[in-house]
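Chain letters run A, B, ... following the sequence lines, proteins first, then strands; residues in each count from 1.
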Protein chains: 2
Amino acid sequence: MTATSKSNATKSDTNSGIALYQRIRNDIEGRILSGEWPPGHRVPFEHELMDSYSCSRMTVNKVLSGLAATGLVERRRRAGSFVSRPKVHSAVLQIPDLKAEVENRGERYGYKLLDQQKRAALRVDKVRLGVDLRTPVLALRCRHDAANEPFALEDRLLNLKAVPDALQQDFSTLPPSTWLVDHVPWTEAEHRISACNADKPLAAVLKVDEGTACLVVERRTWRNGEPITAVRLVHPGPLYDLMARFTPSS
Amino acid sequence: MTATSKSNATKSDTNSGIALYQRIRNDIEGRILSGEWPPGHRVPFEHELMDSYSCSRMTVNKVLSGLAATGLVERRRRAGSFVSRPKVHSAVLQIPDLKAEVENRGERYGYKLLDQQKRAALRVDKVRLGVDLRTPVLALRCRHDAANEPFALEDRLLNLKAVPDALQQDFSTLPPSTWLVDHVPWTEAEHRISACNADKPLAAVLKVDEGTACLVVERRTWRNGEPITAVRLVHPGPLYDLMARFTPSS
DNA sequence: GTTCTCAATTTGTCTATACATATTAGGACA
DNA sequence: TGTCCTAATATGTATAGACAAATTGAGAAC
C-alpha cells in the first residue's frame with residue numbers, strides 16, 4: 001500500500017527548497033515546543049509518519065533519532081516515542097576567552113602577568129589540580145582589565161606533564177587562557193560558580209572595597225582523565241555577568 | 001571490491017556488543033579529543049572509512065553527520081570533513097529544580113511561600129519580564145530551605161497571559177519552579193549569573209550577616225518569543241555552587 | 001594570460017529492504 | 001487466579017543503490 005500511495009515520490013516531491021528530513025523535524029519540534037504535544041505525549045509511530053509524509057522509514061527514523069539525541073523525545077522499543085519531560089533546565093554556558101569577552105563589550109582589554117612560578121607540585125596543587133606530588137606545574141597569577149579597570153583576577157595552575165609546551169610560551173604578553181584555547185584540546189571540564197567577599201589582598205588587586213561581593217568561576221579541564229589545568233577567576237561582582245543562552249532546537 | 005572484501009558482513013561481524021556506528025564514532029572522537037587530529041585536520045573521506053571499516057556509506061555518513069551536529073567537525077562538499085577549531089569553551093549548565101538539587105545533596109528540603117500577588121504589569125514588570133503594561137502577571141516570593149537553613153530566596157514573575165493555569169495552582173505547597181518544569185514548555189532561555197552583597201532585608205530572609213556575598217542567578221524564559229517567566233534566585237554565597245560539567249562526546 | 005565550461009569528486013538526502021532486539025499484550029496452561 | 005510462553009510490535013542498526021547539489025580542478029576557447 002505504501003508503494004502505491006507514494007507513487008514516484010522523489011526527493012523533489014512537494015519540495016519547498018528544504019530537505020524533507022528538516023521539514024518533518026521542524027513540524028515535530030514545533031508541536032512539542034508550542035505545547036501542542038506536552039511532555040509524556042506519544043509522538044506518532046515511525047510507520048504513521050511514513051504514511052503522512054509518504055517517505056521511507058529511514059527518513060523518519062533519522063528525524064526521531066535526532067530528536068532523541070538532543071533530548072527532546074525519549075524512545076522505547078515496542079512502546080513508541082514520547083515527548084520527554086525535562087528534568088533539569090539545561091543551558092549552554094558560553095565561557096569565552098576573557099579578551100574576546102571584553103572586546104565584545106566594546107571596551108579596551110588589558111592584561112598583566114602578576115606572578116609566574118614553575119615548581120614541583122605541593123600538597124595544595126595536588127588537591128586543586130589532581131596531579132601527583134612533585135609533578136612539575138606552572139602557577140600563574142594575572143589580572144585582566146576592561147576599560148583600564150580590573151576586571152578579573154586569574155589564578156591558574158597548569159600541569160606541565162600534560163602541557164610541556166607551556167614553558168616555551170611568554171605569558172607576560174599572551175594570556176594563558178588564549179594560548180590554551182588555541183593549542184590544548186580537552187575532553188572533560190568542570191565548572192564551579194560561587195560568590196565570595198573580597199578579603200584585603202583581593203580587594204587591593206581588584207581595586208574594590210574590602211568585603212565587596214565577587215563572582216568566582218573555577219574551571220578544571222582534563223584530557224582523557226589527565227588533569228590539564230585548574231583556573232580560578234574572581235570578578236568584582238557588580239561588574240560581571242555570566243550569560244548563558246539556550247535554544248533547544250540547536 | 002567492497003562487496004568481495006566485506007563478504008557477509010552482517011551486523012554481528014566482529015561485534016563486541018556495541019554498534020558499529022558507535023565504534024566508528026568513538027574512534028574518530030578519540031583521535032580528535034586526544035589531539036592526534038588537531039583542529040583543521042581532514043577526517044578521512046566517507047569512502048575511505050567505508051573501506052577501513054568494511055561498511056556501507058550510510059553508516060559512516062551517520063557518524064560524520066552526528067559529529068557535525070555536535071560541532072566537533074565541519075563538512076564541506078567536495079572538500080571533505082575537517083576537525084573544527086572550538087571558538088569558545090562551552091559547557092552544559094545543569095540548572096535543576098531546587099527541590100531535586102537539595103535532596104540530591106542528601107539534605108531535607110523545605111519551602112515557604114512568602115508573598116503572592118496578582119497584578120496588572122507595572123513598569124518594573126514590563127522591564128523585567130518584557131510584557132506590555134497592564135498585562136496580568138503573578139509575582140511570587142518564596143524561600144527554599146536545605147537542612148532547615150535558608151538556601152535560596154526566589155523572586156518570580158509569571159506572565160499570566162502566557163500561563164493562565166498558574167492561577168489555579170496552590171503555590172503555598174508546590175514550588176512554582178517545580179510546577180513550571182512539569183507543565184510549561186519553553187523555547188528559549190537566558191541566564192545571568194552575578195554576585196551581590198546582601199542588604200539588610202535580604203540578610204534577614206537568608207539569615208546571614210549584612211554584606212555577605214550572595215550568588216544571583218536570573219533566568220528568563222520565552223516560548224516562541226512570548227515571555228513566560230522571569231526569576232531571580234539569591235543564594236547565600238558560601239553555601240551554593242553552581243556546577244556545570246561538559247563532555248563533548250555527549 | 002584570462003576566462004569559461006565541463007567533468008570529477010564529495011557530501012546531502014532518500015529509498016526499499018533486512019534482520020536484530022526489547023517489550024508487551026494476550027493466550028495456554030497449571 | 002496466577003504464571004509462563006509466544007507472537008506481535010516498534011525501534012535499532014545496517015546494506016546497496018540512486019540521484020541531487022556544491023565545489024573544485026583541468027582543459028578548452030578566447
Checklist entry - Do B:R156 and B:E154 meet the salt-bridge criterion of a basic N to acidic O distance under 4.0 Å? => result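 Yes.
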Checklist entry - DNA chain D: B:Y21 or A:S81, which has the more 5' nearest nucleotide? => result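 The answer here is A:S81.
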Checklist entry - Among D:dT13, C:dT11, D:dT15, which nucleotide sits nearest the side chain of A:R57? => result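 My answer, after comparing the listed nucleotides, is D:dT13.
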Item to check | Rounded distance (Å) that lies between atom C1' of D:dT11 and atom CD of A:E74 | outcome: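 Checked: the CD to C1' distance equals 15 Å.
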Which protein N or O atoms sit under 3.5 Å from an N or O of nucleotides 4-8 of chain D?
unit_1: D:dA8; atom_1: N3; unit_2: A:R78; atom_2: NH1; d: 3.2

Next on the checklist: At less than 3.5 Å, do the side-chain atoms of B:R77 and the base atoms of C:dT11 form a donor-acceptor pair?
Outcome noted: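 It does, because a donor-acceptor pair links the side chain of B:R77 to the base of C:dT11 below 3.5 Å.
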Next on the checklist: Is the phosphate of D:dT11 approached by A:S65 (side-chain N or O, under 4.0 Å from OP1 or OP2)?
Outcome noted: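 Checking A:S65 against D:dT11: no side-chain N or O falls below 4.0 Å of OP1 or OP2.
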Checklist entry - When the distance from CD of B:E48 to P of C:dT10 is rounded to whole Å, what number comes out? => result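 Taking atom P of C:dT10 as the reference, CD of B:E48 is at 8 Å.
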Next on the checklist: If you assign each of B:H47 and B:N61 to its closest nucleotide in DNA chain C, which residue comes earlier from the 5' end?
Outcome noted: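 First, find each residue's nearest nucleotide; the 5'-ward one identifies B:H47.
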Item to check | Separation of D:dT11 P from A:L64 CG (nearest whole Å) | outcome: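 It is 7 Å, rounded to the nearest whole Å.
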Item to check | Closest nucleotide among C:dT11, C:dT15, C:dT13 to the B:R75 side chain | outcome: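 It is C:dT11.
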Next on the checklist: What is the distance, to the nearest angstrom, from the CZ atom on B:R76 to the C1' atom on D:dA22?
Outcome noted: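 That distance rounds to 12 Å.
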Checklist entry - Does the pair B:E218/B:R128 count as a salt bridge with the N-to-O cut at 4.0 Å? => result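 Here B:E218 does not pair with B:R128 in a salt bridge, since their nearest N and O are not under 4.0 Å apart.
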Item to check | Pairwise 5' ranking along DNA chain D for B:K62 and B:M58, keeping only the more 5' one | outcome: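 Counting from the 5' end, the first nearest nucleotide belongs to B:K62.
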Next on the checklist: Can you list everything that forms a salt bridge (Lys or Arg N to Asp or Glu O under 4.0 Å) with A:R223? Sequence neighbours excluded, please.
Outcome noted: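 Not a single residue meets the salt bridge (Lys or Arg N to Asp or Glu O under 4.0 Å) criterion with A:R223.
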Checklist entry - Can you check the B:Y53 OH to D:dT13 P distance for me, whole Å? => result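 Computing the B:Y53:OH to D:dT13:P distance gives 17 Å.
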Next on the checklist: Once side-chain contact (heavy atoms from CB on, under 4.5 Å) is applied, do any residues pair with B:Y111, and if so which ones, sequence neighbours excluded?
Outcome noted: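 B:Y111: side-chain contact (heavy atoms from CB on, under 4.5 Å) contacts with B:Y109, B:L113, B:C142, B:H144, B:F171, B:P175, B:P176.
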Next on the checklist: Using the salt bridge (Lys or Arg N to Asp or Glu O under 4.0 Å) criterion, which residues pair with A:E226? Sequence neighbours excluded.
Outcome noted: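 A:E226 satisfies salt bridge (Lys or Arg N to Asp or Glu O under 4.0 Å) with no residue once adjacent residues are dropped.
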Next on the checklist: Once side chain to side chain donor-acceptor pair (under 3.5 Å) is applied, do any residues pair with B:R220, and if so which ones, sequence neighbours excluded?
Outcome noted: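 Result, side chain to side chain donor-acceptor pair (under 3.5 Å) vs B:R220: none returned.
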Next on the checklist: List the residues meeting salt bridge (Lys or Arg N to Asp or Glu O under 4.0 Å) with B:R77, not counting sequence neighbours, and say none if there are none.
Outcome noted: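 None.
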Next on the checklist: Can you measure B:L20 atom CG to D:dT13 atom P for me and round it to whole angstrom units?
Outcome noted: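 For the pair B:L20 CG and D:dT13 P, the rounded distance is 11 Å.
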Checklist entry - Within the pair A:T59 and C:dT15, is there a side-chain N or O less than 4.0 Å away from OP1 or OP2? => result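 Yes, within the criterion.
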Checklist entry - Within this structure, what is the CD-to-P distance between B:Q22 and D:dA14, rounded to whole angstrom? => result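 Roughly 9 Å, once rounded to whole Å.
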Checklist entry - Expressed in angstrom and rounded to an integer, what is the separation of A:M50 atom CE from C:dC14 atom P? => result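 Taking CE of A:M50 and P of C:dC14, I get 14 Å after rounding.
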